[in-house]
Amino acid sequence: MNREAEIALEVSGVTKRFVKGEKLHWPWRRSGNGRKPIVAVDNVSFRVQRGEVFGILGPNGSGKSTLVRCIATLLIPDEGTITVFGHDVLREEMAVKRLINRVSVEASFFKKLTPMENLLYGARLYGLGAKEARRRILEILTRLGLKREDAFRPMEEMSRGMQQKVAIARAFLTQPILLLLDEPTTGLDPRSKREVQAFVRELRDTHDATILLTTHDMQEADVLCDRVAILDEGRIVALDTPEGLKAQVSRADAGEMTLEDVFMELTGKRLREEEVG
Ligand SMILES: Nc1ncnc2c1ncn2[C@@H]1O[C@H](COP(=O)(O)OP(=O)(O)OP(=O)(O)O)[C@@H](O)[C@H]1O
Ligand SMILES: [Mg+2]
C-alpha cells in the first residue's frame, strides 16, 4: 500500500451537541425542557494522512476537546462517523483504543505514586517488559526536561507543568500510532514549551507517528503542523497548510502574515491566549 496515501483518521460530518444539565435527572421536568442544546462540534469533516501533524486551532469553547474526545471514543457523536485507520470508533472501539493515545491536561495519575511507578503501570498495561520500560521512561522524562530524581518523587509534589510532561511521556511510551494531544503545551513555561515542541517534532521525523494536536497558540501551530484546521464555534472555518492559510488572507498592502492575522480575518475574533509567558 502506498504509505503516503494512507488515511490515519477520517472525521466525516461529525456533530456533537450538549444539553445543559443533561446528566441530571429531573423526573418532574419534561425531557428537553425547551432548552436549546449547545452545538459543540458542528458538521466537522477532515482527513489526516499517516505521518502528518494535524493541528486544530481555536479559541476557548470552540469545540477542540469535544472533537478529540469523540475521536478517542470517550464521547459519542450525534451525527457523522469517525474512523481510525479504517476502524469505526463506535463499532470497533477496542481496535481504535489500541491505535490511539490521548494526552490532556486533566490526565489522571495515582498521585501518591511517582512518575516511574505510574508509567510502569501504564507500560505493563501495554505489555512492555519492566526492564525495557524503566530505561525508556527515564530516557523520555529526561528528554522532556525532567530531572532524573523527579521520576522518583510522588506526583502530588509536582507542578502542573511537570505532571503534564509525565502525561506526555506516558503517551509516547507505548508508541501509539495516532497520538491525540489536547493542548500539550498550555500552561507550560516557555522553555518547557520548546522542549515539548522539539519532542513532538522529533517523533514526527523519526517515528511512525501521526499526531493530532489542539492549541490556542498560533506560533505552535505554525511551527509544528503540516496542516491546520481553524475551528470557530464548532465549525471549521479554514483548513490548509500554515503557508496556505496565510496566503488565503494576505493582501498586497500587508506585510508578512501570521496565523493570528488569518484567524482574525476569518472569524473577526481574537484568540485568547492563556498560556504563561
Ligand atoms: N460535558 C459537557 N456538557 C455540556 N457542555 C459541554 C460539555 N463539554 C463541552 N461543553 C460545551 O461545548 C463547547 C465546546 O467545549 P470544548 O471543551 O470542546 O472547547 P475547547 O475548544 O476545547 O475549549 P478550551 O480551549 O477552553 O479547552 C463549550 O460551549 C462547552 O461549554
Ligand atoms: Mg479544550
Side-chain angles (χ1 to χ4, degrees), residues 9 11 13-26 29 31-46 48 53-80 82 89-90 100-108 160-161 163-164 167-168 171 179-188 193 196-197 200 211-222 224-225 227-239 245 259-260 262-264 266-277:
L9 170 67
V11 173
V14 166
T15 295
K16 178 68 191 176
R17 301 180 195 91
F18 291 109
V19 179
K20 244 178 132 188
E22 192 175 37
K23 279 190 187 146
L24 301 173
H25 181 56
W26 305 107
R29 285 186 184 166
S31 67
N33 204 23
R35 294 198 212 210
K36 262 185 87 176
I38 300 163
V39 186
V41 175
D42 192 355
N43 194 20
V44 163
S45 302
F46 61 89
V48 179
V53 179
F54 189 89
I56 298 184
L57 184 64
N60 293 128
S62 55
K64 302 182 296 296
S65 298
T66 304
L67 184 57
V68 169
R69 288 196 193 101
C70 288
I71 298 167
T73 77
L74 301 171
L75 280 177
I76 299 173
D78 295 300
E79 283 158 37
I82 301 172
V89 295
L90 297 183
I100 59 170
N101 212 324
R102 181 182 73 117
V103 178
S104 74
V105 282
E106 75 263 24
S108 60
R160 202 168 80 92
Q163 296 194 22
Q164 198 161 332
I168 290 167
L179 198 54
L180 306 171
L181 303 176
D182 194 0
E183 303 204 21
T185 63
T186 297
L188 296 184
K193 204 165 182 163
V196 169
Q197 289 173 348
V200 169
I211 299 168
L212 178 110
L213 68 90
T214 75
T215 182
H216 300 146
D217 183 336
M218 301 286 178
Q219 211 243 334
E220 176 164 288
D222 205 347
L224 283 186
C225 300
R227 285 188 304 145
V228 175
I230 296 182
L231 204 62
D232 184 37
E233 295 182 20
R235 272 188 295 264
I236 292 184
V237 294
L239 196 172
L245 286 170
L259 281 186
E260 177 95 41
V262 176
F263 186 84
M264 288 198 29
L266 291 170
T267 65
K269 288 177 202 151
R270 187 169 266 288
L271 267 187
R272 271 223 322 264
E273 288 283 294
E274 285 197 324
E275 288 90 315
V276 186

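In what follows, every heavy atom counts, from backbone to side chain, and hydrogens, waters and symmetry copies are set aside. Atoms within a ligand are numbered from 1 in the order they appear, just like the ligands themselves. Model, not experiment: these values are computed from the prediction.
- Taking CD of E233 as the start and CG of D42 as the end, the distance is 9.5 Å to the nearest 0.5 Å.
- Numbered from 1 in the order shown, with element, the atoms of ligand 1 that lie under 4.0 Å from a heavy atom of A40 read 12 (O), 13 (C), 14 (C).
- Contacts of I38 with ligand 1, taken as heavy-atom pairs under 4.0 Å, involve the side chain alone.
- Remark: L231 CG to T214 OG1 distance equals 10.0 Å, nearest 0.5 Å.
- Residue contacts with ligand 1 do not include K16, since none of its heavy atoms lies under 4.0 Å from the ligand.
- At least one heavy atom of P59 lies less than 4.0 angstrom from ligand 1.
- In this structure a side-chain-to-backbone donor-acceptor pair under 3.5 Å is missing from K64 to L57.
- Atom CD1 of I168 sits about 6.5 Å away from atom CG of L181, to the nearest 0.5 Å.
- Below 4.0 Å from some heavy atom of H216 lie the following atoms of ligand 1, by number and element: 25 (O).
- When the options I100, L180, V41 are evaluated for a side-chain contact (heavy atoms from CB on, under 4.5 Å) with V68, the one that passes is L180.
- Checked by atom type and distance alone, the side chain of E183 never pairs as donor or acceptor with a backbone atom of S104 at under 3.5 Å.
- Taken to the nearest 0.5 Å, the CG atom of L188 stands 11.0 Å off from the CG atom of D217.
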Open item on the list: Assess the residue pair F263 and L245 against the criterion (side-chain contact (heavy atoms from CB on, under 4.5 Å)); give the C-alpha distance rounded to whole Å, side-chain angles, the decisive distance to 0.1 Å, and a yes or no.
Closed with: CA-CA 9 Å; F263 186 84; L245 286 170; over 6 Å; no
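- Put simply, no part of R69 is less than 4.0 Å from ligand 1, judged by heavy atoms.
- A distance of 8.0 Å separates NZ in K193 from CD in Q219, rounded to the nearest 0.5 Å.
- Nearest residue to atom 23 (O) of ligand 1 from G61, S62, S65 is G61 (criterion: closest heavy atom).
- Against a heavy-atom cut-off of under 4.0 Å, E183 is close to the following atoms of ligand 1: 24 (P), 25 (O), 27 (O).
- Comparing V41, T66, N60, L57 by heavy-atom distance to atom 15 (O) of ligand 1, the nearest is T66.
- Any N or O atom pair closer than 3.5 Å counts here, and G63 shares at least one such pair with ligand 1.
- Taking OG from S65 and CG from L75, the interatomic distance works out to 10.0 Å, rounded to the nearest 0.5 Å.
- Atoms of the protein (N, O or S only) found under 2.8 Å from the Mg ion (ligand 2) are S65 OG.
- Between the side chain of D232 and the backbone N or O of V237 there is no donor-acceptor pair closer than 3.5 Å.
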